[in-house]
Amino acid sequence: MLLWIIGFSILGSIGAVGCSVLLLVFPEGIRKVLLPYLVSYATGTLLGSAFLGMIPAGLERAPADSFMATVLAGMVGFFVLEKLVIWRHCHDVDCDVHSRAAPLILIGDAFHNFVDGVVIAAAFLTSIPLGIATSLAVIAHEVPQEVGDFAILLDSGYSRTKALLLNGLSSTSTLPGALFAYFWLAEMSQAVPYILAISAASFIYIATADLIPGLHRHVTPMASLRQLLLLLAGIASILFFHLGA
């Protein structure tokens, strides 16, 4: 089990940064075309992982009222933290707050990736299929995020090499988060469903408060159809890994 957790934690952090670096090789015009596709797919993986994996698994191991209350509290908490610019940061190059404080991006990412590691470990401690599905969701939503991070760092004056090095360093916090969760949650198995509840709240919040509003900026019929198909593909991939593994 520990090897599964370590392997997918490394894959989740290095894989996301690696894919984002590959995207940065393309001209800006091509990146602008590709990113909406990635965001649509990532939205589906986040929603699928939360509703098809984490919530059902948590409800099997904890009372429904306390579990769902934790999900709700988690979403409210993420709203508050985002308002305080602690939990996440916007990925718009023109974001005034973050263009003045690029180091905050790296700090926020390190914390975010640490929590991703906790999410992955908690999912694997529930079941291997859920762990694989959750890891896929983490990778899918991290790729467009990392691309946005690179854009902000470059816009703030960082060189490509320095931006890559610092962003890669912040992504390494996924593994410590996973190891911390493994050794702590293994001794307190009753905490696992509530970690899953908070994780589900995080995935739902990111999908609905961050990603979906961006998708609504593209309103043509063909763009909307592509978004829907890719969102469904993201959900289907989670269903495949969760039920087919």
Side-chain angles (χ1 to χ4, degrees), residues 1-16 19 41-75 78 112-143 145 171 173-208 211 230-245:
M1 182 61 67
L2 181 58
L3 291 177
W4 279 96
I5 292 172
I6 292 174
F8 275 89
S9 297
I10 294 174
L11 181 64
S13 57
I14 296 178
C19 290
Y41 179 79
T43 301
T45 63
L46 289 172
L47 294 175
S49 187
F51 286 104
L52 300 178
M54 294 176 175
I55 291 177
L59 288 173
E60 290 179 356
R61 305 179 63 171
D65 53 354
S66 61
F67 179 85
M68 294 308 297
T70 304
V71 174
L72 179 60
M75 295 190 68
F78 294 135
H112 190 163
N113 291 325
F114 183 89
V115 174
D116 280 343
V118 174
V119 171
I120 290 171
F124 270 109
L125 289 172
T126 301
S127 71
I128 289 178
L130 179 59
I132 295 174
T134 301
S135 300
L136 177 64
V138 167
I139 294 170
H141 89 267
E142 282 289 340
V143 171
Q145 174 182 306
S171 72
S173 62
T174 302
L175 182 57
L179 293 175
F180 172 82
Y182 174 79
F183 289 108
W184 177 61
L185 292 178
E187 300 298 325
M188 298 182 62
S189 59
Q190 68 271 20
V192 171
Y194 297 102
I195 295 293
L196 292 176
I198 296 173
S199 303
S202 169
F203 279 22
I204 295 168
Y205 186 83
I206 292 171
T208 58
L211 302 186
L230 285 165
L231 189 149
L232 293 175
I235 294 174
S237 63
I238 294 298
L239 190 63
F240 171 78
F241 279 101
H242 183 59
L243 299 181

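The line from CD1 of Ile238 to OG of Ser49 is 5.0 Å long, rounded to the nearest 0.5 Å. With rounding to the nearest 0.5 angstrom, the CG atom of Leu196 is 10.0 Å from the CD1 atom of Ile55. Between atom OG1 of residue Thr134 and atom CD1 of residue Ile139 there is a gap of 11.0 Å, rounded to the nearest 0.5 Å. Distance OG/Ser202 to CG/Asp116: 7.0 Å, rounded to 0.5 Å.
The two residues Pro193 and Gly58 make their nearest non-hydrogen contact at CB-O, 3.8 Å. Scanning all heavy atoms of the two residues, the minimum distance from Ile204 to Ala50 falls at CG1-CB, 3.7 Å. Nearest heavy atom pair, residue Ser237 against residue Thr45, reads OG-CG2, 3.9 Å. Summarising the geometry of Thr126 relative to Ala122, their closest heavy-atom pair is OG1-O, 3.0 Å, with the distance given to 0.1 Å. Shown here for Ser171 and Thr174, the closest heavy-atom pair between the two residues is O-OG1, 3.2 Å. Nearest approach of Leu47 to Ala207, heavy atoms of both residues: CD2-CB, 3.8 Å.
Every residue two or more places apart in sequence or in another chain that forms a side-chain contact (heavy atoms from CB on, under 4.5 Å) with Leu230 is listed here: Tyr37, Ser40. Every residue meeting the side-chain contact (heavy atoms from CB on, under 4.5 Å) condition with Ser199, not counting sequence neighbours, appears here in chain and number order: Met54, Val119, Ile195. Considering only residues two or more places apart in sequence or on other chains, Leu2 meets the side-chain contact (heavy atoms from CB on, under 4.5 Å) condition with Ile6, Leu179, Tyr182, Phe183. The ring pair (Phe, Tyr, Trp, His ring centres under 6.0 Å) check on Tyr41 picks up nothing, with sequence neighbours excluded. Partners of Ser66 by side chain to side chain donor-acceptor pair (under 3.5 Å), not counting sequence neighbours, listed by chain and number: Tyr194. Qualifying side-chain contact (heavy atoms from CB on, under 4.5 Å) partners for Ser135, counting only residues two or more places apart in sequence or in other chains: Phe8, Ile120, Phe124.
When each of Asp65, Thr70, Val71 is tested with Phe67 by the rule side chain to side chain contact (heavy atoms under 4.5 Å, CB included), just one qualifies, namely Val71.
For the pair Phe203/Phe51, no side-chain contact is recorded, criterion being any heavy-atom separation below 4.5 Å from C-beta on. Proximity of Met1 to Ile128: side-chain heavy atoms (C-beta onward) are separated by under 4.5 Å at one or more points. The shortest side-chain heavy-atom distance between Ile198 and Phe78 falls under the 4.5 Å cut-off.
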Check against side-chain contact (heavy atoms from CB on, under 4.5 Å), Ile235 and Thr43: CA-CA 8 Å; Ile235 294 174; Thr43 301; over 6 Å; no

